[in-house]
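Since we're looking at a predicted model, the values are computed, not measured.
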2 protein chains.
Amino acid sequence: MFSIGQLSKATGVKVPTIRYYEEIGLLPQPGRNAGNQRRYGQDGMDALGFIKHARDLGFSLEDIKVMMSIEGQLGEDCSEVHRIAEAQLSAVRARIARLERLAGELERITHLCGHGQGGDCKVLSALGDHAQCGSDHG
Amino acid sequence: MFSIGQLSKATGVKVPTIRYYEEIGLLPQPGRNAGNQRRYGQDGMDALGFIKHARDLGFSLEDIKVMMSIEGQLGEDCSEVHRIAEAQLSAVRARIARLERLAGELERITHLCGHGQGGDCKVLSALGDHAQCGSDHG
DNA sequence: CTTGATGCTCTAGTGACTAGAGGTCCTACA
DNA sequence: TGTAGGACCTCTAGTCACTAGAGCATCAAG
């Protein structure tokens, strides 16, 4: 049996976050001891580990809820899980592509500047005027 | 003179968002007409354009506030603006690197699956067990 | 002069937590 | 057995950057 603090240390998920997951119904309510403190078993540990790993991979709590509801069902429907994972992958790829465009534009903008103290900051004017942009972000 | 709707159309920033920017002090309060409706001049248009462009580049509203307070000061301190822009660039680069690791792991996980309906979804077990991971994300 | 779009303020909700107040409980040590 | 201090409890409110909706007022075109 683990306390919430032990669970937190073991998984790297903060204590208030664990309580939050319970509040929104992502983690099942654990048993309590005589003093009303949460006591978790191995299943609680596993569930939180699953959530932590999926969060690290960028899945939303909503996605995780769906995947957890599928997990453990007789004859798990892998195709739904697969669909969620592929959607997540393509979302991540899209974010990377967008961020790369932004990085290029930011690089261009910061290079405009000679760190001068003169009255016309090129960075500011580059930010103010989209027409100066190379890319079509946004 | 522009109405809030015209400003919205011209900049691509939604009407409630413009009002929100005003509320948090990012946009100066514009004049009002006899019927208490906001009326903007070219300066309002420019300010909103600046915000839009900077937001598209991923700057926080807090960063934008600082940059706008610098803009227009006598002898703008370009070095501070430059610092903010470089910090933003390295934050974007870090996010890209992290997302690329995630994409690799997600790709690996989704490839585990043959879309079967059997009782052991490999995607789920890969998500549940970090030890199966190639990378050390998170 | 009417109609429908646009505008106004205000409140509340989103996601995924985080912070703090004010109290209770558990554990280790003397 | 007493006590100190850390861990735990609930509850409320705040974060960021909006978004949605209610219930009205105003504006512009026909």
Side-chain angles (χ1 to χ4, degrees), chain A residues 1-27 29-40 44 47-48 50-68 84 87-88 91-92 95 98 102 138, chain B residues 1-27 29-40 44 47-48 50-68 84 87-88 91-92 95 98 102 138:
Chain A
M1 285 298 188
F2 314 105
S3 71
I4 197 169
Q6 290 170 322
L7 208 65
S8 171
K9 235 172 226 167
T11 58
V13 179
K14 288 181 191 158
V15 168
T17 304
I18 298 174
R19 286 197 277 248
Y20 169 72
Y21 287 164
E22 181 186 326
E23 189 191 321
I24 63 169
L26 195 58
L27 269 181
Q29 300 196 339
R32 302 281 180 135
N33 72 355
N36 196 35
Q37 300 195 348
R38 291 168 180 82
R39 289 295 175 263
Y40 298 89
L48 189 55
F50 181 94
I51 296 169
K52 173 66 159 61
H53 195 191
R55 283 297 294 141
D56 284 345
L57 289 169
F59 290 90
S60 72
L61 295 185
E62 203 46 49
D63 278 347
I64 295 171
K65 205 178 249 179
V66 172
M67 292 193 290
M68 289 179 82
I84 292 172
Q88 176 60 17
V92 168
R95 255 154 73 203
R98 178 172 153 74
L102 298 194
Chain B
M1 284 300 187
F2 314 106
S3 70
I4 197 169
Q6 290 172 320
L7 209 64
S8 171
K9 232 171 227 168
T11 59
V13 178
K14 288 181 190 158
V15 168
T17 304
I18 297 174
R19 286 198 277 248
Y20 168 72
Y21 288 163
E22 181 186 325
E23 189 192 323
I24 62 169
L26 196 58
L27 269 181
Q29 300 195 339
R32 304 279 180 134
N33 70 356
N36 196 34
Q37 303 195 345
R38 291 168 180 82
R39 288 295 174 264
Y40 298 88
L48 189 55
F50 181 92
I51 295 170
K52 173 66 159 61
H53 196 192
R55 283 296 296 141
D56 284 345
L57 289 168
F59 290 89
S60 71
L61 296 184
E62 202 47 48
D63 279 347
I64 294 171
K65 205 179 251 180
V66 172
M67 292 192 292
M68 289 180 81
I84 292 173
Q88 176 60 18
V92 168
R95 256 156 71 203
R98 179 172 151 73
L102 298 193

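- Atom CZ in Phe50(B) sits 9.5 Å away from atom CG in Leu26(B) (nearest 0.5 Å).
- Considering CZ of Arg98(A) and CZ of Arg95(B), their distance stands at 9.0 Å, rounded to 0.5 Å.
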Quiz: residues 3-16 of chain A side-chain donor-acceptor pairs under 3.5 angstrom, not counting sequence neighbours:
from	atom 1	to	atom 2	distance (Å)
Ser3(A)	OG	Gly5(A)	N	3.4
Ser3(A)	OG	Gln6(A)	N	3.2
Gln6(A)	OE1	Ser3(A)	N	2.8
Ser8(A)	OG	Val13(A)	O	2.7
Thr11(A)	OG1	Leu7(A)	O	2.8
Thr11(A)	OG1	Val13(A)	N	3.3

Identify each atom pair where a protein N or O and an N or O of nucleotides 12-15 of chain C are less than 3.5 Å apart, giving names and distance.
none

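- Within the 4.5 Å cutoff, no side-chain heavy atoms of Leu48(B) are placed close to those of Phe2(B).
- Arg32(A) places a side-chain heavy atom less than 4.5 Å from the side chain of Arg38(A).
- Residues Leu27(B) and Arg19(B) are not in side-chain contact: their nearest non-hydrogen atoms beyond the backbone lie 4.5 Å or more apart.
- Note: Lys65(B) NZ to Ile24(B) CD1 = 5.5 Å, rounded to the nearest 0.5 Å.
- On the nucleic acid side, DNA chain D contacts chain A at distances under 4.0 Å to non-hydrogen atoms, with the end points of that region at dC8(D) to dT10(D).
- Interface residues of residues 31-40 of chain A facing DNA chain D, ordered by number: Arg32(A), Asn36(A), Gln37(A), Arg38(A); criterion, heavy-atom separation under 4.0 Å.
- For the pair Ile64(A) CD1 and dC17(C) C1', the interatomic distance rounds to 13 Å; values are reported in whole Å.
- With sequence neighbours excluded, the residues forming a side chain to side chain contact (heavy atoms under 4.5 Å, CB included) with Phe59(A) are Ala54(A), Leu57(A), Asp63(A), Ile64(A), Met67(A), Ile84(A), Ala85(A), Gln88(A), Leu106(B), Leu127(B), listed by chain and number.
- Nearest heavy-atom pair, Ala47(B) versus Met68(B), reported as atom, atom and distance to 0.1 Å: CB-CE, 3.8 Å.
- Within 4.0 Å (heavy atoms only), Arg19(B) reaches at least one base atom of the nucleic acid.
- Listed by residue number, Ile4(B), Gly5(B) are the residues of residues 4-17 of chain B with a heavy-atom contact under 4.0 Å to DNA chain C.
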